[in-house]
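These notes concern the structure reproduced below.
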Amino acid sequence: MNLIELELKDSIKKALKSTYDLDVEDNFVVIEMPKDPSFGDYSTNVAMRLAKELHQNPRVIAEALTKILLENNADVESCDVAGAGFINFRIKKSKIASIINTVLEQKDDYGKNDSGHNLAILVEYVSANPTGDLHLGHARGAAWGDCITRLLNASGYNCLREFYVNDAGVQITKLGESLLARYLQLFGIDATLPEDGYHGQDVADIAKIVKDEHGDEWVDAKGDEAGRLAWFRKEGIRLELEKMKRDLDYFGVHFDSWISEQGLYDSGEVEKGLQKVIDMGLTYEEDGALWFKTTDYGDDKDRVLKKHDGTYTYLTPDIANHIDKFNRGYTKLVNLWGADHHGYVPRMKAALEALGYGKDGLEVDIIQMVRLVEDGKELKMSKRSGNAITIRELCDEVGVDASRYFFVSRAVDTHLDFDIGLAKKRSSDNPVYYAQYAHARMCSIIRQAPALKPVAAYDLLTDEKELALLKHINEFAGMIGDAAATRMPNKVCNYIQKLAQYFHSFYNSCHVLDDKNPELSNQRLALLFASKITLKNALNLIGISAPETM
RNA sequence: GUCCACGUAGCUCAGCUGGAUAGAGCAUGCGCCUUCUAAGCGCACGGUCAGGGGUUCGACUCCCUUCGUGGACGCCA
């Protein structure tokens with residue numbers, strides 16, 4: 001919601017008070033931009049919403065309101081009733097254009113807003129097991145999580161980016177065993193990998209690193225098989241994590257915090273968490289296992305916390321993980337999980353609710369599957385390695401900017417067909433280049449332009465293309481706040497496409513540089529600067545570069 | 001079988017807490033470069049919003065149901 005909309009809303013509330021002695025909630029008054037600009041710049045449906053309560057025809061209510069609204073808001077040029085009872089506003093052009101100076105003043109900060117009210121929010125994403133390369137699903141989650149946290153930070157939330165490392169449990173043991181076997185094979189020893197171990201090339205590659213760094217130091221277990229395996233587990237985690245961080249870094253995704261599952265065991269947090277569940281009387285024993293009564297809180301089955309062999313299920317340390325997040329002062333937790341963890345959501349939410357953290361303390365967004373498509377056919381495996389396609393291969397193939405854009409431009413709750421051919425195209429078909437080209441074009445004009453002179457009132461910007469661009473720039477901060485609150489970075493992509501479109505359209509009908517018309521030229525140049533700043537800030541929100549030339 | 005998502009133009013998708021004639025891009029067809037980047041702009045064509053009920057001033061949006069697609073239903077993680 002921008003300044004103009006806020007002022008409109010305020011005037012409407014005052015008009016309702018003075019005309020009908022009505023006090024309405026802030027979000028009762030909805031201001032929107034009509035799809036058809038001939039209806040006006042903004043509109044509201046309050047009259048229709050009040051028809052029942054006031055027992056009056058909505059058009060009659062609307063008529064009564066328009067008179068007062070026109071008198072009380074100096075920025076409103078006209079205000080009339082249309083359709084079933086819409087009130088349409090036309091705002092003075094000078095008011096709409098005044099956004100230019102705001103943008104020029106705030107520069108990189110334009111668009112930032114405090115709609116988050118400094119709410120402490122912890123976003124956990126990617127959280128892949130350190131047992132192999134990051135693949136496409138992780139890439140989607142990584143790009144999405146990164147953009148969400150950028151949006152949250154720009155909207156005044158106090159946001160932490162966290163990666164939960166599953167470095168305990170049987171999968172890690174399998175990694176250790178697989179790595180050890182691969183290592184021994186490098187010395188011609190006929191070691192076999194566990195059947196359900198990690199047979200991929202990536203573990204073999206890591207084994208080579210171990211050999212390079214440690215030579216034959218570990219070929220002989222020296223009578224301590226368990227000690228050697230423990231070392232390979234640790235070394236496997238270290239090398240896998242290193243590789244993961246390198247790939248994420250290359251992808252432009254960075255975390256503030258890495259939480260180790262093993263660390264939660266070591267510090268006693270897992271025990272403490274479990275004890276808390278037991279102390280609250282939420283467990284029972286059956287078949288030699290300890291169960292959590294999650295069905296009392298909306299889960300469809302009770303869940304095992306401690307298996308009959310005494311070890312814990314995945315849920316137990318994860319409960320401790322989430323308790324720990326709340327203990328660190330975060331009141332809102334957001335997790336991005338892969339579609340395969342879909343069924344895990346109710347039990348985690350039930351567990352936290354049972355422990356008294358409320359129903360809405362945790363929100364989980366599910367990242368749906370990604371299919372790579374080329375020439376209409378699905379690419380299942382990497383042509384090079386024969387394995388699942390990794391995040392690095394994808395970036396090498398189509399570039400980081402295009403990859404990030406394609407992942408973020410579509411809602412996460414639907415399956416994504418990633419068209420690799422389109423992403424690689426360096427033409428207008430490709431939305432990434434369309435937007436970047438707009439920025440390069442802006443920069444090109446600015447390079448040739450005289451210095452911008454300050455403008456007090458933009459009275460010459462009256463072309464419909466100029467106004468469309470201006471109105472869209474006005475929407476920027478409100479869009480960011482909305483995208484942050486709904487955690488939908490794809491809205492930023494929609495915004496970018498529209499902004500680029502309005503600019504290209506403006507470019508074709510309004511010539512900026514004109515010696516014969518210095519005043520108009522200067523005002524258009526100011527609009528151009530404002531557009532460039534807005535576009536660059538928007539691209540930055542999704543982590544995409546804004547090239548000055550193309 | 002049970003639970004959870006999703007189903008919008010030939011293709012890929014938007015559609016803002018229910019609002020005006022359902023929108024883009026691609027594809028197809030036609031125009032526009034002696035002036036700031038044609039990686040661009042403009043125009044046209046294209047729809048049973050999966051089907052059927054319901055709620056109300058009004059439904060792509062909310063509820064029920066049928067069909068279709070995907071996922072989850074471990075003392076795996």
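Letters A, B, ... mirror the listed sequences (proteins, then strands); counts begin at 1. The figures that follow rest on heavy atoms only: side chains count, while hydrogens, waters and symmetry mates do not.
Using a 4.0 Å heavy-atom cutoff across all strands shown, A/S409 reaches no nucleic acid atom at all. Residue-level contact check: A/V30 touches the bases, meaning some heavy atom is under 4.0 Å from a base atom. At the heavy-atom level, A/A411 lies under 4.0 Å from the strands shown only through sugar-phosphate atoms. Residue-level contact check: A/A339 touches the backbone only, with heavy atoms under 4.0 Å from sugar-phosphate atoms and none from bases. Contacts of A/T486 with the nucleic acid, taken as non-hydrogen atoms under 4.0 Å apart, are absent. Note on A/K301: only backbone sugar-phosphate atoms sit closer than 4.0 angstrom, heavy atoms only; bases stay farther off. Within 4.0 Å of A/S444, counting heavy atoms only, lies at least one base atom of the nucleic acid. As judged by a 4.0 angstrom heavy-atom cut-off over every strand, A/D300 is placed among residues making no nucleic acid contact. When heavy atoms are screened at a 4.0 angstrom cut-off, A/D514 is found touching no nucleic acid atom at all. Among the protein residues, A/C510 comes within range of the nucleic acid bases, having at least one heavy atom under 4.0 Å from a base atom. Base contact: A/E286 has a heavy atom under 4.0 Å from a base atom. Within the nucleic acid shown, A/N494 comes within 4.0 Å of sugar-phosphate atoms alone, with no base atom in reach, counting heavy atoms only. Counting non-hydrogen atoms under 4.0 angstrom, A/N88 reaches a base of the nucleic acid.
B/G46 sits 14 Å from B/G23 when the P atoms are compared, rounded to a whole Å. Here, B/A44 and B/A9 have their C1' atoms 15 Å apart, quoted to the whole Å. Comparing B/G58 with B/A20, their C1' atoms sit 10 Å apart, to the nearest whole Å. For B/U12 and B/U56, the C1' atoms lie 35 Å apart once the distance is rounded to whole Å. Nucleotides B/C76 and B/U17 place their C1' atoms 40 Å apart, quoted to the nearest Å. Taking atom P on both nucleotides, B/C30 is separated from B/U66 by 49 Å, rounded to a whole Å. With P as the reference atom, B/C45 and B/A22 are 15 Å apart, rounded to whole Å. One C1' atom belongs to B/G15, the other to B/A27, and the distance between them is 22 Å to the nearest Å.
Under the 3.5 Å distance criterion, the side-chain polar atoms of A/H199 are matched with a main-chain donor or acceptor of A/P194. Judged purely by atom type and a 3.5 angstrom limit, A/N129 has no side-chain atom pairing as donor or acceptor with the backbone of A/T131.
Of the listed nucleotides (B/G19, B/A77, B/C13), B/G19 has the atom at the smallest distance from the side chain of A/A84. Which of B/G42, B/G19, B/C36 sits closest to the side chain of A/K465 comes down to B/G42. For A/T549, counting side-chain heavy atoms from C-beta on, the closest listed nucleotide (B/A14, B/A20, B/U37) is B/U37.
The aromatic rings of A/H138 and A/H135 are tilted relative to each other, their planes meeting at an angle between 30° and 60°. By the 30° and 60° cut-offs, the orientation of the rings of A/Y314 relative to A/H341 is perpendicular.
At the phosphate of B/C75, neither OP1 nor OP2 sits under 4.0 Å from any side-chain N or O atom of A/Y314. Between A/Y433 and B/C26, a side-chain N or O to OP1/OP2 separation shorter than 4.0 Å is absent. Within the structure, a side-chain polar atom (N or O) of A/S505 is placed less than 4.0 Å from OP1 or OP2 of B/G42.
Between A/H504 and B/C41, no base-stacking contact is recorded for ring centres under 5.5 Å apart and planes less than 30° from parallel. Stacking between A/F86 and the base of B/A20 is present: ring centres sit under 5.5 Å apart and the planes differ by under 30 degrees.
Under the Watson-Crick and G-U wobble criteria, each requiring two contacts below 3.5 Å, nucleotide B/C36 is left unpaired. Pair assignment for B/A20: none, as no Watson-Crick or G-U wobble contacts are both less than 3.5 Å. Remark: B/C3 base-pairs with B/G71. Criterion, Watson-Crick or G-U wobble with two distances under 3.5 Å. Pairing of B/C11, defined by two Watson-Crick or G-U wobble distances under 3.5 Å, is identified with B/G25. In this structure B/C30 sits in a base pair with B/G42, meeting the Watson-Crick or G-U test at under 3.5 Å.
Applying the 90° cutoff around 0 to the glycosidic angle, B/C33 is assigned syn.
Checked against side chain to side chain contact (heavy atoms under 4.5 Å, CB included), A/D302 has the following partners two or more places apart in sequence or in another chain: A/Y284, A/W291, A/K293, A/T294, A/T295.
Put simply, the side chain of A/N45 and the base of B/G19 share a donor and an acceptor less than 3.5 Å apart.
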Which atom pairs, donor and acceptor, lie under 3.5 Å between side-chain atoms of residues 508-516 of chain A and protein residues at least two apart or in another chain?
unit_1: A/N508; atom_1: ND2; unit_2: A/H504; atom_2: O; d: 2.9
unit_1: A/S509; atom_1: OG; unit_2: A/S505; atom_2: O; d: 3.4
unit_1: A/D514; atom_1: OD1; unit_2: A/K516; atom_2: N; d: 3.0

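Under the 6.0 Å cut-off for aromatic ring centres, A/F503 and A/H439 do not qualify, their centroids lying 6.0 Å or more apart.
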